[in-house]
Amino acid sequence: MSAKPGPAPSSTDPTPSAAEKAFRAAAASPSFPALEEEVLAFWDEQQIYEKSLARRADAPTFVFFEGPPTANGMPHPGHCLTRAIKDVFPRYKTMRGYRCERKAGWDTHGLPVEVEVGKALGIHSKEEIEEYGVEPFIQKCQQSVWRYMQQWETLTRRLGFWVDLGEAYVTYRQSYVESVWWSLKNLFDRGLLYQGHKIVWWWAQGGTALSAGEVGQGYREVADPSVYVLFPLIAASDAAPKRSLVVWTTTPWTLPSNMYAAVKADLNYAVVEDGETGEQFVLAAALVETLAAKMKRELNVVETVSGASLVGRRYEPPFADYHDRLSDPQGALKSGGQEHWYWRVVAADFVTTDSGSGLVHLAPAFGEVDYEVFSEQRSRFAEGEAPDLLCAVGPDGKFTAEFPEMEGEWVKSADKALTRQLRDGGKLLYQEQYLHDYPFCWRADQDPLIQYPRESWFIRTTQFRDLMLKNNSQIGWQPEHIRDGRFGNFLDSNVDWALSRERYWGTPLPIWVCETTGRMEAVCSYDEVLAKPDVQGTEVWEEAKRANPELADDLCVHKPYIDAVTYASPFAEGARMKRVSEVIDCWYDSGAMPFAQWGWPHQNADQFAEQFPADFISEAIDQTRGWFYSQLAISTMLFGEGASIDVSDSAASGSAGAPSGSAGASTQLADRRSEQAYPHPYRNCIVLGLMLSQWFEATDEDGKKVVALTQEETAEHAGLSFTKKTGKMSKQLRNYRSPSEIFDRYGADAMRWYFFANQAPWNSIIYSDSAIRDSIPEFLLRLWNTFSFFTIYAEIDGFDPTTATDADDQLTPESLASAPTYRPASQRSEIDRWILSELNVAIGTITDRMDRLDNYNACAAITSLLDGLSNWYVRRSRDRFWAKDSQSADKHDAYWTLYEVLVQLTKLIAPFVPFLAERLWQELTRPFGDRVLASVHLCDYPASDETRVDTQLSTSMKVLREIASLGRAARADAKLKVRLPLAAVEVVLSEDTQIAWLQSHDSLVREELNVKSVAYTTDGGDYVQYSVVPNFKRLGPKVGKQIPAVKKLLGEADGNELLSQLQTTGTVSLSLPDGSTLELDSDDIEVRLQAREGWAAAQGASCVVVLNTEVTEELRREGIAKDLIRAIQSQRKEIGCEYTDQIEVGVVTEDADIRKAIECHREMICQETLARQLVMDGLPSVEAVEIENGELFVTRVND
RNA sequence: GGGCGUGUAGCUCAGUUGGUUAGAGCGCGUCGCUGAUAACGACGAGGUCCCAGAUUCGAGUUCUGGCACGCCCA
């Protein structure tokens, strides 16, 4: 890395020396990574980011929220994308005049941290953690949070993501925790927090619940018993035949805890009779045959009944223990009457006939859907009359005394014995093995997980479902389908938020419970607890701090210290208030960031009022149920309609540092809310797609997978055949390059541009070495070459933009106009006006797209502008830059035009590729020294100058470019290379609107096609066959069903005749088959041309270009001269001539054509090659080069 | 099993309110240029727009039903 900053205007020397003042030719192919490192150093040194914010100190805000990543994990390529997207819009908005603060943030709580620490300590169960000690464990967690901080900061900086890392919010900080506490207290006081059961995936051996993500990791295919069990129905009378429900399950160990059997109400059930035993069974009609086939028995249908008719029927439970102990309890229903608590048939929608018997065994303790049915059932009973949950299994996964015969047995190993018991009791109809995916603990992969009920705290989010939906409807989602699709559906099926976690490292639930009465209250800050009567236990923290003064003060609000704090109960004399033991879901932490990042409402009322809601956030799609939801839910509950925000209690509690603005916070926010009740907490959200990798994979002779990241790398493994793969990134396969390698090889701009310009951000994005590498020549290098071209000639000609004495510090086009050599665009040549028009059209498009958060199409507009600049403007203007007279008006026009476009383009690309833009800015503004802004990122984004847009010219130029392209195609077809001049081309157009313009500007075509003359005509009957087709868009609505007839008539008619009719009368009349007549004017039809056979011609959409293929002697000689020029030029380069060096040329040949060509075109040859002399002889001590039919000698002339 | 998304050239992707010759970049082929030159340019080949129905004068685009893949949830 260079120690020096980029070649910015030097601060030590305010007046640049003459040498510094001039442009200097730029390196042909720069090292982008090295360039970027220089720019980074420059930004740091000059504090450009800080300056960019300071310039907008009083500007309107554009609010950005950083979704906090966890610094506990290594940053990976996916983070590059989110961070790049999070960077480009704030940069853009800043240039557009907004103040966009970018407060970083870190998510620091939760199980992943505990797991990391556990790994390091070699422990993983909760027991082991308790044994180790919660206090040292928590301290280790706090330290572990910053494990990869260095890598994160490096990545963030290197990618060019401008964000205030120094001011980052951190979820474990006391102020953050207290904001979260405040919000929870608010919910608690409003009765929105409650305790209930939650069925979780439970790791019995470790005594802990697993998160969905963890469960997902541990699925693997296993064979479980699949049993069809008989539940004998309790018959209405003894006379009735014995009937049993056929119930299917793959978890026999849950049968002792059976509570119900479920049917689907609208399904048909068959009563079948076993041909051998005469027993009767009930199962889904659709599954009778399947089961009969399995059992190899005949099952005769006796009767068919509906599922609904089975509902309410009672049966004998498969194991009688509960039944024996509880007898058969009943309870009063809300609707009046009595109902049995257990062992009856209920209806449930999730029942299907896809597998099993169409009758489902419900053990609500061990299944989430089962539990929902149970809750439904409970709700039917009157207060105090509802059934209790049956659960014969302990948290250790072993049967309890509720199922005495197997007490202490691990449930999963009880399946066999249970099945045997069922068979012995005649209750097993059929048994087989069933292959399915079942989750195991990812930390102990021999331990199967079970679903198990746990006490949990919930937030009553369901109460806010409609408000959240209403809120969601106002969010600007990118892509839009998220709103009514994935996110909308998710909100639609909202269930109460299971908030608590029985873990250690998290925000403690701020609820204290009275040990005597069980009554509870919530607190909103540490100080509020301290202010309670007769507080005890604070010494635990104080001692810890004394013993280790390094301890982060924030830990005082964490376990185990906060757990030790108790106070006198206001509910019962002499009783103590103790905190509940749980911590909360860390998604709640992140969702609280809009206010918690400021410590609001305990402090920073102004910041919060100003920075809420966000104008823009972005994360990947996996956050729909994560951060997108947690933010929306929390904001809706706290700030939405009907919420009451009372921050006075926080002030009253004497919260340390409660700001003076705090009292006003409530009203301020309310005002803001009434202005814009919706949407919040974020107005716009870009949902990013998945990040995939692409690599080459082969299998070696040992059957091991070999991965190569590029085609080239595959060559290192001779003999293996590689296939290209696209898929998820895998640490084990190492099928992707680390971001830092990409930065070192190709640079951050290459990666950024690839992300921004190659696909809409919500598509899955492929992160591959080659894809990123390819964005260099496609865009970065092409732009650099164009810039380099400019500097080469600006240096030669001494172009000096500082002659614009009124130039402002951003070099706006208007201010450059003060230069004496600067002519208004209207006086410049066509091509200058054209590129300026294209520039201003592009500016309009780019700003329009970016304002709509559409980076993809903005980039497309930039690319096409660059294409026009590089492939047409510069190419067609080359000879203007080569022209001898360095002071001609035309040359000045060319310089001013190219300079302006480059300067504007540099600003346009600044948010996207900030490094290259910075370097270009510094190079382009070098002559101005420190009269201009030090960084392009301090500039305003260009505004489109409508007066420079000339749509007519754009259209005409498009036709012209098409003509040139067609001419080349025709030449290629006729095998007449471009260096050979031709006498004429004729261009046949379908309409005359462009002809006048084309005629007056045909030098471009003549040069481009190397022809002596161009003629334009609409009357090309000799070369062209005309045909006429309807203009469907216009005629469709007009004639409707007649369209096919019109098309047919026009197609059959002689096109040439129709055209002449149209030209003379202005209309064409058609007699339709239905007898009516249709008059068509020129807008109703479209004329198409087709080149006739036998001409060297090429056809496009609107014209045909016909070549005159006759090659005269004269033309042939000119062609030879041009060949010779090319040979001399090539030799100039070979002997190392500078652009301006003069040469002498000698040609030795016997070829009469060559001699003649030189004779005729001596002047042109000398001029083009800067030859002082051209002799028909060898040159002394100069080596000859072979040319066709002769030898060529070229030598530099020294002055 | 449910929800959502995707399916267009060898590859990666665009494709506006439905309008009749479906585009770009890369790759490939041919050629050109040789004073932007370890670049650059032009031209060309390459398509059952996943399948099947429906609506319509007209469907890559709208609707219905499938198929495949991906993600999320169960």
Side-chain angles (χ1 to χ4, degrees), chain A residues 25-26 28-29 212 215-216 350 352 354-355 367-369 479 481-482 484-490 492-493 620-622 624-625 689-690 692 694 711 724 726-728 754 757-760 762-766 768 770-771 774-775 777-779 781-782 784-793 796 856-857 860 863-864 867 870-872 874-875 878-879 881-882 964-973 975 977-979 1008 1029-1037 1039-1047 1086 1088 1098-1101 1125-1127 1129-1130 1132-1133 1137-1141 1168-1170:
Chain A
S29 33
V215 176
F350 61 79
T352 67
D354 293 341
S355 56
E368 213 174 331
V369 286
H481 60 73
I482 297 288
D484 298 318
R486 199 173 274 216
F487 197 62
N489 288 341
F490 176 63
D492 243 343
S493 54
I621 189 151
D622 57 342
T624 19
R625 283 146 200 274
L690 229 71
L692 300 176
Q694 201 163 65
Q711 190 86 56
K724 193 177 173 187
T726 303
K728 280 197 257 190
Y754 169 69
N758 276 60
Q759 60 277 301
W762 47 84
N763 277 324
S764 56
I765 290 177
I766 291 172
S768 84
S770 53
D774 287 347
S775 72
E778 281 168 23
F779 180 73
L781 198 55
R782 197 193 288 194
W784 183 269
N785 281 332
T786 309
F787 158 74
S788 160
F789 175 90
F790 167 80
T791 57
I792 287 169
Y793 291 99
I796 292 170
Y856 176 77
N857 284 297
T863 304
S864 99
D867 179 69
S870 162
N871 289 346
W872 191 246
V874 167
R875 199 157 63 81
R878 268 175 174 147
D879 54 359
F881 291 97
W882 301 339
S965 165
L966 290 171
R968 280 189 295 267
R971 266 184 178 273
D973 211 33
K975 303 210 184 321
K977 59 183 179 180
V978 180
R979 227 184 284 123
E1008 191 69 17
V1029 293
N1031 175 355
F1032 288 97
K1033 203 163 185 173
R1034 196 180 144 100
L1035 273 185
V1039 304
K1041 294 196 182 201
Q1042 311 255 45
I1043 275 250
V1046 175
K1047 185 181 178 184
E1086 218 172 280
R1088 297 219 174 123
Q1099 67 181 31
I1125 290 172
R1126 189 227 138 170
Q1129 297 288 34
S1130 144
R1132 271 184 68 104
K1133 193 185 133 208
C1137 282
E1138 293 296 320
Y1139 305 137
T1140 49
D1141 285 341
E1168 293 276 318
T1169 61
L1170 296 186

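Labels below follow one simple rule: chain letters A, B, ... track the order of the sequence lines, proteins then strands, and each chain is numbered from 1.
Judged by Watson-Crick or G-U wobble contacts below 3.5 Å, the nucleotide B:A45 has no partner. In this structure, B:G10 forms a base pair with B:C26, meeting either the Watson-Crick or the G-U wobble geometry with both donor-acceptor distances under 3.5 Å. Judged by Watson-Crick or G-U wobble contacts below 3.5 Å, the nucleotide B:G5 has B:C69 as its partner. Remark: B:G32 base-pairs with B:C40; criterion is Watson-Crick or G-U wobble with both hydrogen-bond distances under 3.5 Å. With a 3.5 Å ceiling on both atom-pair distances, the Watson-Crick or G-U wobble partner of B:C63 is B:G53.
Of the residues near RNA chain B, A:Gln694 and A:Gly1036, the one whose nearest nucleotide (by heavy atom distance) lies more toward the 5' end is A:Gln694. The 5' end of RNA chain B is approached more closely, in terms of each residue's nearest nucleotide, by A:Pro1037 than by the other of A:Ile1125 and A:Pro1037.
Within the nucleic acid shown, A:Glu778 comes within 4.0 Å of sugar-phosphate atoms alone, with no base atom in reach, counting heavy atoms only. Here A:Arg625 lies in heavy-atom contact (under 4.0 Å) with sugar-phosphate atoms only. In this structure, A:Lys724 reaches the sugar-phosphate backbone alone: every heavy-atom distance under 4.0 Å involves primed, P, OP1 or OP2 atoms, never a base. When heavy atoms are screened at a 4.0 angstrom cut-off, A:Leu1035 is found touching no nucleic acid atom at all.
A:Phe490 places none of its side-chain heavy atoms less than 4.5 Å from the side chain of A:Ile482. Residues A:Gln1042 and A:Leu1035 have side chains not in contact (no heavy-atom distance under 4.5 Å, counting atoms from C-beta outward). Within the 4.5 Å cutoff, no side-chain heavy atoms of A:Val1029 are placed close to those of A:Lys1047.
Between the side chain of A:Arg1132 and the backbone N or O of A:Thr1169, at least one donor-acceptor pair lies under 3.5 Å. Not a single donor-acceptor pair under 3.5 Å links the side chain of A:Arg971 to the backbone N or O of A:Gly967. With hydrogens and angles ignored, the 3.5 Å screen pairs no side-chain donor or acceptor of A:Ser775 with any backbone N or O of A:Ala771.
At whole-Å resolution of the value, OH in A:Tyr754 and P in B:A24 are 20 Å apart. Between the C1' atom of B:A59 and the CZ atom of A:Phe1032 lies a distance of 14 Å, rounded to the nearest Å. A straight line from CD1 of A:Ile621 to C1' of B:G3 spans 11 Å, rounded to a whole angstrom. What separates NZ of A:Lys1047 from C1' of B:U21 is a distance of 11 Å, to the nearest Å. Rounded to whole angstrom, the span from the CG atom of A:Leu692 across to the P atom of B:G7 amounts to 14 Å. Rounded to whole Å, atom P of B:G15 lies 7 Å from atom OH of A:Tyr856. We find that CG of A:Asn489 is positioned 9 Å from P of B:G3, with the value rounded to whole Å. Taking atom CD1 of residue A:Ile482 and atom P of nucleotide B:C73, one finds them 14 Å apart after rounding to whole Å.
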Starting at the 5' end of nucleotides 36-44 of chain B, put B wherever the base has a protein heavy atom under 4.0 Å, S where only the sugar-phosphate does, and a dash everywhere else.
-> BS-SSSSS-

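When the P atom is compared between B:A24 and B:G46, the two are found 15 Å apart, to the nearest whole Å. Taking the P atom of each, B:A9 and B:C51 are spaced 11 Å apart, rounded to whole Å. When the C1' atom is used for both B:G47 and B:G15, the distance is 14 Å, rounded to whole Å. Taking atom P on both nucleotides, B:C71 is separated from B:C31 by 46 Å, rounded to a whole Å. Rounded to a whole angstrom, the distance from the P atom of B:U64 to that of B:A22 is 28 Å. Separation of the P atoms belonging to B:G5 and B:G65 is 14 Å when rounded to the nearest angstrom. Look at the P atom in both B:A42 and B:G25: the space between them is 9 Å, to the nearest Å. The separation of B:G70 from B:C13, taken at their P atoms, amounts to 15 Å, rounded to a whole angstrom.
Between the side chain of A:Lys1033 and the base of B:U17, a donor-acceptor pair under 3.5 Å is found. The base of B:C71 lies close enough to the side chain of A:Arg486 for a donor and an acceptor atom to sit less than 3.5 Å apart.
Aromatic ring pairs are classed by plane angle as parallel below 30°, tilted from 30° to 60° and perpendicular above 60°; the pair A:Phe789 and A:Phe881 is perpendicular.
Of all non-hydrogen atoms in A:Gly689 and A:Ala620, the two that sit nearest each other are O-CB, 4.4 Å.
Rounding to the nearest 0.5 Å places CD of A:Gln759 at 8.0 Å from CD1 of A:Ile766.
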